[in-house]
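Below is one structure; the comments refer to it alone.
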2 protein chains.
Amino acid sequence: MEKMNPVEMCDMSEVHEALIEKINRSLPDEDDIYDLAELFKIFGDSSRIRILCVLSVSEVCVCDLAAVLNMTQSAVSHQLRILKANRLIKGRREGKQVFYSLDDEHVRSIIAAGMEHLKEED
Amino acid sequence: MEKMNPVEMCDMSEVHEALIEKINRSLPDEDDIYDLAELFKIFGDSSRIRILCVLSVSEVCVCDLAAVLNMTQSAVSHQLRILKANRLIKGRREGKQVFYSLDDEHVRSIIAAGMEHLKEED
DNA sequence: CAAACACATGAACAGTTATTCATATGTTCA
DNA sequence: TGAACATATGAATAACTGTTCATGTGTTTG
């Protein structure tokens, strides 16, 4: 891939040129970064975090989720759809009900990593 | 964004009542969940992730960031402000330039946790 | 089959957000 | 002091997102 035309660069271009080269080589793939941002976007909503926390405790059906989280069934379903599409949870039908549970062990570790940052603040 | 709504619950209320009680007790504090979502919101933008990835390699000034990431200086500054306000990065002035670097070890672990999820997909 | 229930989903709306543009602040140096 | 440079920031705009409302799908049961 050809180098992007530097839109802006400070005067000491010679000095920082090498650094920029080095950084460009060690940056993750553009697509990976995009996917990563998309993933964190999923965690960037308290309703979804709450759902994940509940499912982290136990497999739960949709209406119980709505009850525990004090959300409408529709709102819960919309969020479950997003979580499922991103393979963070999975659904299991049992008669009229659908029970959801975590589909990825990393969900807990991602949440834990975020919590650590919060608990560290002064 | 979070609204109060009428509680919904499926018919088998007696069966799930105990489960709901248990879940309610083990859920994280409401404020913590909110803060956690706010934190992940920061990571939920590819421009900010890219900035964090760059700073994960080296301390870099604003105009070099703009050059590497092919963004305008203004756009970079706006994002740096957000990252700084959330204590993910810190700035160090050196003459006319300001050099930014990571301010939290957890930044790397949060990104790593997210990456693991992506790399796991079939 | 029809009714009741659990859940899913499309459309619309309100609130949020990242970027751009213009301009302000802060620093160095002639 | 004033010009040039590096960065910061306010306002405006376009794009995105979560919820609600209405309705559709799938399942059980009378």
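Within every chain, numbering begins at 1; the chains are lettered A, B, ... in the order of the sequence lines, protein sequences first and strands thereafter.
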>> Please check this pair: side chain of B:Arg108 against backbone of B:Ser56, looking for a donor-acceptor N/O pair closer than 3.5 Å.
In response: yes

> Given atom CZ of B:Phe43 and atom P of C:dT17, what is their separation to the nearest angstrom?
Replying inline: 16 Å

>> Measure NZ/A:Lys90 against P/C:dC7 and give the value in whole Å, please.
In response: 18 Å

> Rounding to a whole Å, what distance do you find between B:Asp64:CG and D:dC5:P?
Replying inline: 16 Å

> Do the side-chain N or O atoms of B:Gln79 get closer than 4.0 angstrom to the phosphate oxygens (OP1, OP2) of C:dT19?
Replying inline: yes

> Do NZ/NE/NH1/NH2 and the carboxylate oxygens of A:Lys119 and B:Asp32 come within less than 4.0 Å?
Replying inline: yes

>> Taking B:His106's backbone N and O only, do any of them form a donor-acceptor pair with B:Ser109's side chain (distance below 3.5 Å, no angle check)?
In response: yes

>> For A:Arg50, is there any backbone N or O sitting under 3.5 Å from a side-chain donor or acceptor partner on A:Arg48?
In response: no

> So which nucleotide from D:dA8, D:dT19, C:dG10 ends up closest to the side chain of A:Met71?
Replying inline: D:dT19

> Touch check for A:Tyr100, heavy atoms < 4.0 angstrom, all strands: base, sugar-phosphate only, or nothing?
Replying inline: sugar-phosphate

> Given the rule in the side chain to side chain contact (heavy atoms under 4.5 Å, CB included) test, do B:Val62 and B:Ser77 qualify, once you have shown the distances and angles that lead to the verdict?
Replying inline: CA-CA 7 Å; B:Val62 180; B:Ser77 264; 4.1 Å; yes

> Counting side-chain heavy atoms from C-beta on, which of D:dT17, C:dC7, C:dG10 comes nearest to A:Cys63?
Replying inline: C:dC7

> Is there a donor-acceptor pair under 3.5 Å between the side chain of A:Asn86 and the backbone N or O of A:Leu88?
Replying inline: no

>> Would you say B:Arg48 places a side-chain N or O within less than 4.0 Å of OP1 or OP2 belonging to C:dA18?
In response: yes

>> Could you tell me how far apart A:Asp45 (CG) and C:dA14 (P) are, to the nearest whole angstrom?
In response: 19 Å

> Which distance, rounded to the nearest 0.5 Å, do you find between the CD1 of A:Ile51 and the CG of A:Leu102?
Replying inline: 11.5 Å

>> Between P on D:dA6 and CZ on B:Phe99, what's the gap in Å once rounded to a whole number?
In response: 11 Å

> B:Leu83 CG to D:dT7 P: how many Å, rounded?
Replying inline: 16 Å

> Rounding to a whole Å, what distance do you find between B:Ile82:CD1 and D:dG10:C1'?
Replying inline: 14 Å

For nucleotides 21-23 of chain C, print each protein N/O atom paired with a nucleotide N/O atom at under 3.5 Å, atom names and distance only.
unit_1 : atom_1 : unit_2  : atom_2 : d
C:dC21 : N4     : B:Ser74 : OG     : 2.6

> Could you give the NZ-to-C1' distance, from A:Lys41 to D:dC16, as a whole number of Å?
Replying inline: 8 Å

>> Just verifying a value: how many Å separate A:Lys96 NZ and A:Cys61 SG, rounded to the nearest 0.5 Å?
In response: 11.5 Å

>> Using a 4.0 Å heavy-atom cut-off to protein, can you give one letter per nucleotide of nucleotides 25-30 of chain D, 5' to 3': B if the base is in contact, S if only the sugar-phosphate is, - if neither?
In response: --BS--

Which side-chain N or O atoms in residues 35-44 of chain A pair as donor and acceptor under 3.5 Å with protein atoms at least two apart or in another chain?
unit_1  : atom_1 : unit_2  : atom_2 : d
A:Glu38 : OE2    : A:Lys41 : NZ     : 3.0

